[in-house]
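Read through the structure below, which is laid out as structure tokens, and then see the notes.
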Amino acid sequence: MNIRALVYGDADPDSMDATARWAQSMTQALAAAGCATMLLLRNQPGTDVLTAPLSGLPNVTVRHPKTGAHRIDPGPHGLDPEQAVELITRLDAERRFHLIVIRGQRVAAVAAHAEELAGRLWTCVDDVPHTLARMTPSVVSELTEIALASRYLLCASEELRCFVESTVPAASGRAVLLPPMLTAAPRRADRPGVPLRIGYAGSIAETRNMVTLTQLPAALGSRGIPAELHVVGDAIRNGSPEWVRRATKALKDTPNVVWHGGRSHEEALDLLARCHLAVSWHRSDIDAALVPALTALEPGTLGIPVVVNRTPLYERLLGADYPLFAAPDLQSLADAVERAGQPEVYRTAGERCAAAAARFTLDQGIQVLRSLLQAALPPPPRGTNPDLPLKVAIAGTDLSGLDRLIQHLRSLPGIELRLDEWEGPHTHDEYLSRELAAWADVVICEWCGPHALFYAKYKRSGQRLLVRLHRFELATEWPRRLDIEKVDAVICVSQHYADRAREHASWPADRMVVLPEGIDVDQLSRPKLDGARYTLGMLGVIPSRKRLDRALDVLAALRARDPRYTLALKTRQPWDYWWVWNRPEERAHYEHVYRRIQRSRTLSDAVVFDPYGPDVAVWLRRVGFVLSTSDDESFHRAVAEGAASGSVPVVWAWPGADTVYAPRWVHGDVAQMADAVHTIVTEERFDAERAAARAEVAERYALPKILEQWVRLIVAGEPPEAAPRA
């Protein structure tokens, strides 16, 4: 498949700031990943600092607004967001890009309203606000629109991805990790010499303490350390007019400060490689930044240590004991530079920086992009013809359980998908349902309800009907009323429930298919937060058969041994469901357990209720053990999601549990559950056990594998292969 991509970064093409560097590396990486890539510039460039490394690359085309048939006359600063999206839309109408990669919140907000681009936007969100104070309702609303229009939201760090998902619910499931891509070849710097050469290569902005930085050679000179500061950066465009005047004068006129001006990326790295030490130093008001600065990463590719601010992000990147942290004042900066003169400090800092930079290579970015391209643009399934697609209809009252399958089917050449969403069990657009019954080659009914009976009644000869049955329907008469002779397969998520359904409705065994839930292991697998091993977690505690009371028993038993254990509950409340709160026995259950939490000295400060929402992957970062204390479950997706995140499953022995999860995670009583948790923690087995749990879910229930089995069943009627035994 010839994949066509367009890249647009809202940056001055003559400025090698972060966005321009992103556009350059993204174009290189997409081309290397096999895409025919067009880089659209905001303005006609006056230099080749951005485009020179791209010239001659196969599959790369560089366009600016004043070239080609689709010319636009931009303003003095280049295309404004509306003009940029207009030009992107024109180019897309001509070439039909498979993906349109954008960086710049203002441009992305306009692109989100271009319906013809929806679903093909890959939006880099590195420039979104990084603090809750700046995430105003209007910003969240704008980012929600961007998320809904995007196939992916590209995030440069795990911290940024989690922050975006926590504040913009629509981002969950779309936010993916694509770290910065460094293109420098490693070169080893000299040991500190005389004079000490200190380098900075990046944007010249007020937030980077640039005026104060120019005072560093004098501050070091007063300590008897001859030093030069070499600054590589473009003309100053950011900041107030007064600050621009002061910064320009400081860079031009300060002794022992050499301002090399704007250079290409390769020239900037060559200049930096001649330095002994680098600085990436900012004001304290951007300590909350969630993405590492390129000025902090690139020196490591050259073997040069860098002086950086002590922030949580850089502590995680370089280690809390990194020796060249500095506070945002000149004395602290000079102290750090002076420490770098010690051979052991210099060696240690250089090794830490090199190790950190090794996590952000262009090759690693290319591999990530290939994986994303494979998921977003899969080939046609075997047995289909894109010119004569297989017509598939999915019907049901609640299709959320098939969201990932629906997304996958829509991306497949060779399949045409339409949906029939019923408002209620007996409320639907009958004309649409009859039309789809006559149109579809394959009908999938999510839930075995009245819509399944409808499509069985109107099934055509040669048409195939698949019905997915859940636990709920076994309490109704709908399965017994279904004409099973019209159904090609009844799909259940576990063998235990397939057996129960067959017994309940007297269905033949050859109609039963077991197809488990698909778990997005890549999306859920994230680093755990400190203290996670002492946190138990439950996803959903409604209705009472989820047995929150039993989970409290487990917690109480653990806190009797160690008061650090807590229980996190990500759930709606029982009164949010009328069908629960109006039942006296359900209300009594929750009144009892909530009163117990309030009045118990053991539990009152150990149970945390977190709001229900799609940011499950973020929440699971703080959960070390995922509980399933239910009386009955068909699969209990929450356990598999927890295991995929690196949480250890702790499962009550509900019927069939040991056929879904390995027996090592399944326990017969509260005491066994508490013993399992505490033994894993005290015997230092937490990391090994959670790795085993993640590997089990990846082997049995990984989303790509389950989607492939769905497609084979839909296209060719092939039953799925049996999952590896637990």
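A quick note: this is a predicted structure, and the numbers were derived from the prediction, not measured.
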key: Pair T254-K249, side chain to side chain donor-acceptor pair (under 3.5 Å): steps then yes or no   = CA-CA 8 Å; T254 304; K249 179 175 175 57; over 6 Å; no
Validation: residues 101-109 side-chain donor-acceptor distances under 3.5 Å, sequence neighbours left out:
residue : atom : partner : partner atom : Å
R103    : NE   : T19     : OG1          : 3.2
Q105    : NE2  : E142    : OE2          : 2.8

Sub-4.5 Å side-chain heavy-atom contact between [X] and [Y]:
X: E315; Y: D321; value: no
X: L182; Y: L362; value: no
X: T212; Y: W281; value: yes
X: V337; Y: L216; value: yes
X: P328; Y: S284; value: yes
X: R161; Y: Q523; value: yes
X: V85; Y: Y8; value: no
X: L41; Y: V62; value: yes

Test side-chain contact (heavy atoms from CB on, under 4.5 Å) applied to W619 and S166, step by step = CA-CA 9 Å; W619 179 80; S166 297; over 6 Å; no
ask   = Should R621 and D530 count as an ion pair when the cut-off is N to O under 4.0 Å?
value =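 The answer is no: the pair does not qualify as a salt bridge.
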key: Presence of salt bridge, R533 and E684, under 4.0 angstrom   =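 Answer for the salt bridge query: yes.
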Quick one: does any side-chain atom of [X] pair with a main-chain N or O of [Y] as donor and acceptor, under 3.5 Å?
X: S25; Y: W22; value: yes
X: Q364; Y: F360; value: yes
X: S15; Y: P13; value: no
X: Q24; Y: L50; value: yes
X: Y152; Y: L121; value: no
X: W259; Y: T248; value: no
X: S332; Y: A326; value: no
X: N59; Y: A31; value: no
X: H130; Y: L290; value: yes
X: R310; Y: A327; value: no

ask   = side chain to side chain contact (heavy atoms under 4.5 Å, CB included) with Q215: which of L229, L333, L220, L330?
value =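 Of the listed options, the one satisfying the test is L330.
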inquiry  = By the definition side chain to side chain contact (heavy atoms under 4.5 Å, CB included), identify the one residue from V139, V128, L132, T131 that meets it with T167.
reply    =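 In the set V139, V128, L132, T131, the residue that makes a side chain to side chain contact (heavy atoms under 4.5 Å, CB included) with T167 is L132.
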[X] [atom1] to [Y] [atom2] distance, which is reported to the nearest 0.5 Å:
X: E86; Y: I72; atom1: CD; atom2: CD1; value: 4.0 Å
X: L178; Y: C124; atom1: CG; atom2: SG; value: 7.5 Å
X: R71; Y: L87; atom1: CZ; atom2: CG; value: 11.5 Å
X: L79; Y: L40; atom1: CG; atom2: CG; value: 6.5 Å
X: R339; Y: E344; atom1: CZ; atom2: CD; value: 14.5 Å
X: N309; Y: S280; atom1: CG; atom2: OG; value: 7.5 Å

Over all heavy atoms of both residues, which pair between [X] and [Y] is shortest? Give the atoms and the distance, please.
X: S645; Y: K528; answer: OG-NZ, 3.1 Å
X: G624; Y: F686; answer: O-CE1, 3.3 Å
X: V306; Y: A296; answer: CG1-O, 3.6 Å
X: V368; Y: L177; answer: CG1-O, 3.6 Å
X: L324; Y: A349; answer: CD1-CB, 3.6 Å
X: P217; Y: V257; answer: CG-CG2, 4.1 Å

task = Go through the steps to decide whether Y314 and F325 satisfy the test side-chain contact (heavy atoms from CB on, under 4.5 Å), and finish with yes or no.
result = CA-CA 9 Å; Y314 289 127; F325 283 131; 3.9 Å; yes
ask   = In terms of side-chain heavy atoms, does S150 have a donor or acceptor partner in T123 at a distance below 3.5 Å?
value =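 The criterion, which ignores hydrogens and geometry beyond distance, is satisfied for T123 and S150.
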ask   = Regarding S172 and D615, is there a side-chain donor-to-acceptor distance under 3.5 Å anywhere?
value =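 On atom types as modelled, these side chains do not qualify, holding no pair under 3.5 Å.
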query = Would you call the rings of H230 and H260 parallel, tilted or perpendicular, where under 30° means parallel and over 60° means perpendicular?
reply =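 Parallel: the ring planes of H230 and H260 meet at under 30°.
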query = Going through the distances and angles, do H276 and I198 end up as a side-chain contact (heavy atoms from CB on, under 4.5 Å)?
reply = CA-CA 6 Å; H276 305 111; I198 304 164; over 6 Å; no
ask   = When you look at E298 and T301, which way does the side chain to side chain donor-acceptor pair (under 3.5 Å) test go after all the steps?
value = CA-CA 5 Å; E298 284 192 321; T301 67; over 6 Å; no
ask   = What's the verdict on side chain to side chain donor-acceptor pair (under 3.5 Å) for R208 and S203, showing C-alpha distance, side-chain angles and the deciding distance?
value = CA-CA 8 Å; R208 293 290 163 182; S203 300; over 6 Å; no
ask   = What residue pairs, at least two apart or across chains, pass salt bridge (charged side-chain N to carboxylate O under 4.0 Å, His left out) with a residue in residues 165-182?
value =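 As it turns out, the salt bridge (charged side-chain N to carboxylate O under 4.0 Å, His left out) pairs with a partner in residues 165-182, which skip direct neighbours, are E165-R526.
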query = Counting only heavy atoms not in E242, do more than 12 fall under 6.0 Å of its CD?
reply =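 Check passes, neighbour count above 12.
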ask   = Yes or no on side-chain contact (heavy atoms from CB on, under 4.5 Å) for L57 and Q28, after CA distance, side-chain angles and deciding distance?
value = CA-CA 8 Å; L57 285 182; Q28 292 172 310; 4.0 Å; yes
inquiry  = Test salt bridge (charged side-chain N to carboxylate O under 4.0 Å, His left out) on D329 and R283; report intermediate values, then the result.
reply    = CA-CA 9 Å; D329 62 81; R283 292 188 326 204; over 6 Å; no
